[in-house]
Each structure stands twice: as C-alpha cells, then as structure tokens.
Amino acid sequence: MLGFSVSVILGNPRSNEIVSSWTRMQEDLASNVDYTDNNDWSHFFKPTGFQADRDLFVAGVDISFSTTEDLSIGTIAIVKLRRDSRQQLVYSHSREVSVQYPYVPSFLGFREAPIISTLMKHLPLRVRCSLDCLLVDGNGVLHPRKAGLACQVGIGESIPCVGVSKNLLCVDGLNEKTFREYIASSHSNEIDVIGRSGFLWGKAIMTGNAKSKPIFVSVGHRVSLITSARLVTALCEFRIPSPIRFADMHSRAYLRGECNDLFMEEEFP
DNA sequence: GCGACAG
DNA sequence: ATCTTGTCGC
C-alpha cells in the first residue's frame with residue numbers, strides 16, 4: 001500500500017506495526033468526520049458575498065522547524081483573527097515544542113495533531129470559546145483514507161476545522177499538472193477536486209495574485225466544503241489565508257528568538 | 001518497473 | 001518543513 005519504507009524512516013522494526021495501527025486509527029477517524037455545517041454561517045455569507053452581522057473569529061496554527069537545531073524540536077504558533085470589514089489579529093501565542101515522530105507522507109497528523117491539541121487545551125477559555133473555526137496547515141479529507149491532519153485535530157478538539165494545503169496530496173488518480181490545465185481554461189478561480197471515483201475531495205482555489213498555483217481546501221470537521229471555501233476566500237489577503245500566514249510568520253519569528261505574543265484587553269479572562 | 005508522496 | 005539575497009517582472 002505504501003510505496004516507501006517506513007521502517008527505514010522511523011528507524012525501528014516495530015514501525016510497520018505502528019503504521020498499521022495508524023492506518024486503522026485513520027480509518028476510524030474517517031468514519032467520524034462531520035462534513036456538515038454545525039454552526040449557522042448565514043451571519044457571514046450572504047448571496048452577495050462576505051458580510052458580517054457579527055464578528056467572525058478564526059484561528060490558525062502552524063509549526064516551524066530549524067535545520068541547525070534538534071530535528072525533533074520546533075516552534076508552534078496559534079493566532080486568532082477577527083474578521084469584520086477587515087482582518088485583525090486579536091490573539092497570538094508561540095512556544096517551543098518537541099515532536100514524537102518524523103514526517104511520514106499521509107501520516108502528518110500523528111506528528112502534529114498531538115502538539116496542536118495540547119496547545120488548544122492550554123488556550124485561555126475565553127479565546128477558545130469565541131472561535132468559530134480553526135484553519136490547519138495540511139489536508140482534511142483530501143487524504144488517502146479521508147483522515148488528514150485537519151480531521152484529526154477537528155475531531156480531537158471538537159471544533160469546526162478546515163484543512164488548507166499548498167501542495168496537492170495525490171489521491172484517487174489526481175495529479176497537480178491536470179489542475180494547471182483546468183485553471184488555464186477556467187474562468188472561475190475555484191475548482192472542485194474530483195477524482196476518478198467521483199468523490200468530491202475538496203476545492204482548488206486560486207487566491208491572492210497567484211493565478212497559477214492554487215491552494216487546496218478540504219473538510220476537516222463540522223464545516224461543509226462550501227463554507228470552508230467561502231471562509232478561506234474571505235480570509236485571503238494573499239495566497240495563503242491570513243490565520244495560517246500569520247501563524248507561520250509568528251512561529252518562524254519565535255524560532256529566531258522573537259516573540260509576538262499578543263493579548264488584546266478583551267481576551268483576558 | 002516507474003512515478004507520486006500534506007508538512 | 002528547511003538551507004537563502006538579490007532580483008526579474010507586473
């Protein structure tokens with residue numbers, strides 16, 4: 001099933017058992033993914049486009065690593081944005097973390113989800129409860145077993161979650177090159193990601209000024225694909241949606257010794 | 001056998 | 001993911 005040797009990557013004879021276990025866990029996760037909107041998003045998305053009746057709060061997380069340091073040590077950042085007529089950073093926190101496993105294609109969740117979940121649990125209650133959604137740097141159901149990082153975090157933390165990836169994880173006969181052609185001949189900046197099986201895996205969206213390289217959005221948990229796409233589009237000032245972009249910038253800054261933690265007054269308990 | 005492989 | 005400055009182009 002896997003075209004590479006995980007045992008070499010993980011470096012121990014038990015790795016095949018680990019991957020088998022992970023595979024079963026992903027199959028179980030997939031059966032628990034909620035592809036529907038749990039919340040009422042009509043407060044934000046009108047027929048005319050994004051228009052907020054009330055403030056929309058979306059969080060983004062990202063983990064960065066340095067080559068010069070211990071490969072198992074990284075920095076994570078979580079940010080919270082308020083989206084009204086504009087986008088404003090209202091909360092940010094970064095910290096050092098250690099990962100348990102190396103990156104193995106299609107098993108990113110087992111490397112990053114535990115870290116993200118721990119951080120989510122440590123968020124000030126007030127911040128955590130105000131979140132309408134969480135954006136994750138990685139796929140949701142656009143995954144070989146329909147159980148990507150965004151599903152793992154969304155289910156684990158019971159939060160509406162959307163997966164956003166910068167590169168296509170090839171499944172169901174999909175190939176990134178074919179998208180180049182579709183994009184060139186398409187008038188829309190949004191394309192359904194449908195494989196040979198006919199399953200709708202997600203959407204390829206041309207955001208910002210990058211009309212050539214799309215980002216791939218997929219359902220994580222408790223948010224429909226339609227809403228996921230609308231959310232991401234409403235949060236893109238550039239190619240990468242702001243919550244993830246800021247989380248990436250802050251985690252990298254923290255890696256360099258700079259701290260951008262931010263606590264707006266109304267965020268204190 | 002060859003290619004493909006989120007971060 | 002990360003190593004990396006200036007530089008070509010809209």
Side-chain angles (χ1 to χ4, degrees), chain A residues 1-6 8-10 19 22-23 26 29-30 33 60-78 94 96-117 119 134-154 161-180 193 195-196 201-205 208-220 228 232 238-241 243-245 247-256:
Chain A
M1 163 138 264
L2 298 165
F4 50 85
S5 173
V6 177
V8 168
I9 297 173
L10 291 178
V19 168
W22 283 352
T23 301
Q26 286 183 335
L29 270 174
V33 173
V61 284
D62 188 53
I63 304 176
S64 295
F65 296 91
S66 169
T67 48
T68 58
E69 300 295 326
D70 184 336
L71 291 176
S72 68
I73 301 297
T75 54
I76 188 171
I78 182 162
S94 303
E96 192 173 276
V97 294
S98 65
V99 293
Q100 188 108 64
Y101 301 104
Y103 166 67
V104 180
S106 84
F107 294 103
L108 175 66
F110 294 92
R111 173 176 164 86
E112 299 195 350
I115 295 169
I116 295 173
S117 290
L119 191 66
L134 171 66
L135 262 51
V136 165
D137 196 352
N139 291 306
V141 298
L142 178 30
H143 175 278
R145 288 163 295 282
K146 302 178 183 175
L149 173 64
C151 302
Q152 211 160 326
V153 173
C161 192
V162 175
V164 180
S165 69
K166 298 178 281 297
N167 296 97
L168 177 65
L169 206 189
C170 298
V171 298
D172 201 13
L174 292 169
N175 169 253
E176 186 137 19
K177 282 185 179 178
T178 56
F179 279 98
R180 305 267 179 182
V193 177
R196 288 173 185 162
W201 298 90
K203 284 178 183 289
I205 307 179
N209 297 314
K211 174 72 178 166
S212 57
K213 192 174 176 60
I215 57 174
F216 298 89
V217 176
S218 59
V219 170
S228 298
V232 168
F238 301 100
R239 177 172 175 252
I240 306 301
I244 290 179
R245 186 164 161 268
D248 177 64
M249 293 170 74
H250 287 198
S251 63
R252 289 189 189 209
Y254 195 82
L255 211 50
R256 300 192 304 263

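Owing to the predicted nature of the structure, the values given are computational and were not obtained by experimental measurement. To find a chain, count down the sequence lines: A is the first, B the second, and so on, and within it residues start at 1.
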Can you tell me if [X] touches the phosphate of [N], counting only side-chain N or O atoms and a distance under 4.0 Å to OP1 or OP2?
X	N	value
A:S64	C:dT2	yes
A:K166	C:dA1	yes
A:R252	C:dT2	yes
A:N167	B:dG7	yes

Given C:dC3, B:dA6, B:dG7, identify the nucleotide with an atom nearest to the side chain of A:T67.
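Taking heavy atoms from C-beta onward, the closest nucleotide is C:dC3.
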If you only use heavy atoms from C-beta on, which nucleotide in C:dC3, B:dA6, B:dG7 is closest to the side chain of A:L169?
B:dA6
Rounded distance (Å) that lies between atom [atom2] of [N] and atom [atom1] of [X]:
X	N	atom1	atom2	value
A:L142	B:dC5	CG	C1'	12 Å
A:R111	C:dA1	CZ	P	11 Å
A:H143	B:dG7	NE2	P	13 Å
A:D248	B:dG7	CG	C1'	11 Å
A:L135	B:dG7	CG	P	14 Å
A:E176	B:dC5	CD	P	7 Å
A:I240	B:dA6	CD1	P	15 Å
A:D172	B:dC5	CG	C1'	15 Å

Listed once per pair and sorted, the salt bridge (Lys or Arg N to Asp or Glu O under 4.0 Å) pairs that draw on residues 162-175 of chain A, sequence neighbours left out:
A:D137-A:K166
Does A:N139 reach a base, just sugar-phosphate, or nothing at all? Heavy atoms under 4.0 Å.
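Since a base atom lies under 4.0 Å of A:N139, the category is base.
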Have a look at A:L149 and say if it touches a base, only the backbone sugar-phosphate, or nothing, with a 4.0 Å heavy-atom cut-off.
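Base contact - A:L149 has a heavy atom under 4.0 Å of at least one base atom.
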Looking at [Y], is its backbone amide N or carbonyl O close enough to the side chain of [X] to form a donor-acceptor pair, meaning the two atoms are under 3.5 Å apart?
X	Y	result
A:S251	A:A77	no
A:Q26	A:S106	yes
A:R245	A:R239	no

Using the rule for Phe, Tyr, His and the six-membered ring of Trp, do A:F65 and C:dA1 stack at under 5.5 Å and under 30°?
no
Atom pair CD (A:E112) and CG (A:D62), whose distance is rounded to the nearest 0.5 Å:
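Answer for the CD-CG pair, A:E112 versus A:D62, is 7.5 Å.
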Could you tell me how the ring of A:F107 sits relative to the ring of A:W22: parallel (under 30°), tilted (30 to 60°) or perpendicular (over 60°)?
tilted
Which dot-bracket notation, 5' to 3', represents the base pairing of DNA chain B when pairs are defined as Watson-Crick or G-U with both distances under 3.5 Å, crossing pairs as [ ], and inter-strand pairs as |?
.......
Exercise: do A:S72 and A:D70 side chains pair donor with acceptor under 3.5 Å:
yes
